[in-house]
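Heads up: the structure comes next, in structure tokens.
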Amino acid sequence: MDLSQCLEYRALPMQFYIFTLSGVWCPSNWTSLLKLSYNMYTTTIAISGILFWASMFVNLIITKNESEYFYENVFAISTLTYAMYKEFFVLKKRKEIQQMLKLSFDDEWYRPFDNREIQIIDHYAHETRWVTQVYAIGIIAGLATKAIMPMLNSNSAWVLPIEAWYPYNTSNLKNYLFAYTQQLMGGIPLICLHISVDSLFVGLILQMCIQLKLLQYRLQKTFSTDIDLQEEKNIERNIKISDVIIANYAFKHQCIFRLGNYLNQEFRGILAGQVMITIPNICINVYLLSQHRGGITLHLVDSFLCFTTCLMQIFLYCWYGNKIILLSIDVANTAYTTNWLSLNISSKKKLLTIMVRATRSIQFAAGTFIMNIDSFIEIIKTSYSAYRVLQKTS
């Protein structure tokens, strides 16, 4: 089946291909037999992930803080727990995600009319691809390092990528390979969900940026000329045209804000989870980095990649949350710089509606915690404070 026929695979292809490979997104144009097979695949992936999580949790309870890898185990289990929540989020919110995509991408009003509009769309589409690829490379590098570390272990004992409890002896080669494979089957799809869900959020925000940029450009293009719409010739016709155009822009501006509120409502749990998990994870990884002595080792590289990934995760949410705040406010400035003096009273009121609405920015928040650059700095400060406490008590 041609997946390009589905809106999601045309709009954000990398994100939804990862969703499909991770077992959480069955293409709607597949046959009944393929969908049945995919449901079995989803069940297998989900069970593998749950068993992997359970084995890590049991190991954490049994060893407590006696293991030298205790903090690494805490980091791994918190990361997988959040990934399992993301898995549940995608499976549960399929209809809502499709609606977000339809509102963001499937609207004739946002089709380009000239070369400048094509440039705007291409710029943000390129940014979406670039961010997704860089983010994916960072996570995959950390995943690959974690997977190959046991193979490069100089000790004679068989070491698994993640410490976990199993009801059999993993020092036996056959049992070890079975446990190793089970960890890969359970862990890789869950970790890849971090890539797809986080980049999906970024992609939807950047699509809103396209909508706001097109609105600004069309406002400037339509009403920044020196043509007096109320000149003696064709007064009534010009008044009607200006009124219809402004009414259309005001309606689209309202739609963009509704979309922003809808995205914030649906992603609220993801945002809250990201904030809660980032602070301890950054703290743990900074602590692990500070414990390394000597030269550069594969273990040090693994800790550094984990730390970088944690920072990148929360930075993406805060950076693009801040970006949409600034861009949504800037619409008011664009409306003010138009040739609004030449408009009639009715059109001025509609333009004023756009300006007043733009004074309240589009914000993404988890409770009272707004995703912006200031929040990112506060998270770093809080994580460092937690690290100092952990360092003193260890």
Report whether [X] and [Y] are members of the same hydrophobic cluster (ILVMFWY, side-chain heavy atoms less than 4.5 Å apart, transitive linking).
X      : Y      : result
Ile379 : Leu289 : yes
Ile377 : Leu316 : yes
Phe113 : Ile118 : no
Met276 : Val286 : no
Leu326 : Ile120 : no

Residue list, side-chain hydrogen bond (donor to acceptor under 3.5 Å, both in side chains) with Gln274, at least two apart or on another chain: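 Gln274 satisfies side-chain hydrogen bond (donor to acceptor under 3.5 Å, both in side chains) with Tyr82, Thr278 once adjacent residues are dropped.
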
Notebook entry, point to check: Sequence neighbours excluded, which residues qualify as side-chain hydrogen bond (donor to acceptor under 3.5 Å, both in side chains) partners of Arg388?
Noted result: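 Arg388: side-chain hydrogen bond (donor to acceptor under 3.5 Å, both in side chains) contacts with Gln391.
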
Check your understanding: What heavy-atom pair brings Ser104 and Leu259 nearest, and what distance separates the two atoms?
Key ->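 Looks like OG-CD2, 3.5 Å.
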
For Ser199 against Gln15, the heavy-atom pair lying closest together: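 Taking Ser199 first and Gln15 second, the nearest heavy atoms are OG-CG, 3.0 Å.
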
For this session: Ignoring hydrogens and angles, state whether a donor on the side chain of Gln99 or Tyr262 is under 3.5 Å from an acceptor on the partner side chain.
Result: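 Judged by distance alone, the side chains do not pair up.
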
Any chance the side chains of Thr20 and Tyr9 put a donor and an acceptor closer than 3.5 Å?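 Looking only at side-chain atoms, Tyr9 and Thr20 do form a donor-acceptor pair, the distance falling under 3.5 Å.
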
Note, Leu200 side chain near Phe16 side chain (heavy atom, < 4.5 Å):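 The answer is yes, as the side chains (C-beta and beyond) meet within the 4.5 Å cut-off.
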
Review point. Under 6.0 Å between the ring centres of Phe257 and His253?
Key: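 For Phe257 and His253, the ring centres are under 6.0 Å apart.
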
Original post:
In terms of ring plane angle, is the pair Phe267 and Phe89 parallel, tilted or perpendicular, where the classes change at 30° and 60°?
Top reply: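 Tilted: the ring planes of Phe267 and Phe89 meet at 30° to 60°.
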
Counting only N and O atoms by type, is there a donor-acceptor contact under 3.5 Å from the side chain of Tyr38 to the main-chain atoms of Val24?
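Checking the backbone N and O of Val24 against the side chain of Tyr38, a donor-acceptor pair under 3.5 Å is found.
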
Compile the donor-acceptor pairs under 3.5 Å between side chains in residues 317-325 and protein atoms, sequence neighbours left out, one pair per line.
from, atom 1, to, atom 2, distance (Å)
Tyr317, OH, Asp198, OD1, 2.4
Tyr320, OH, Glu127, OE2, 2.8

Check: Taking NZ, NE, NH1 and NH2 as the nitrogens, is one of them in Glu117 or Arg218 under 4.0 Å from a carboxylate oxygen of the other?
Finding: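 Yes, this pair counts.
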
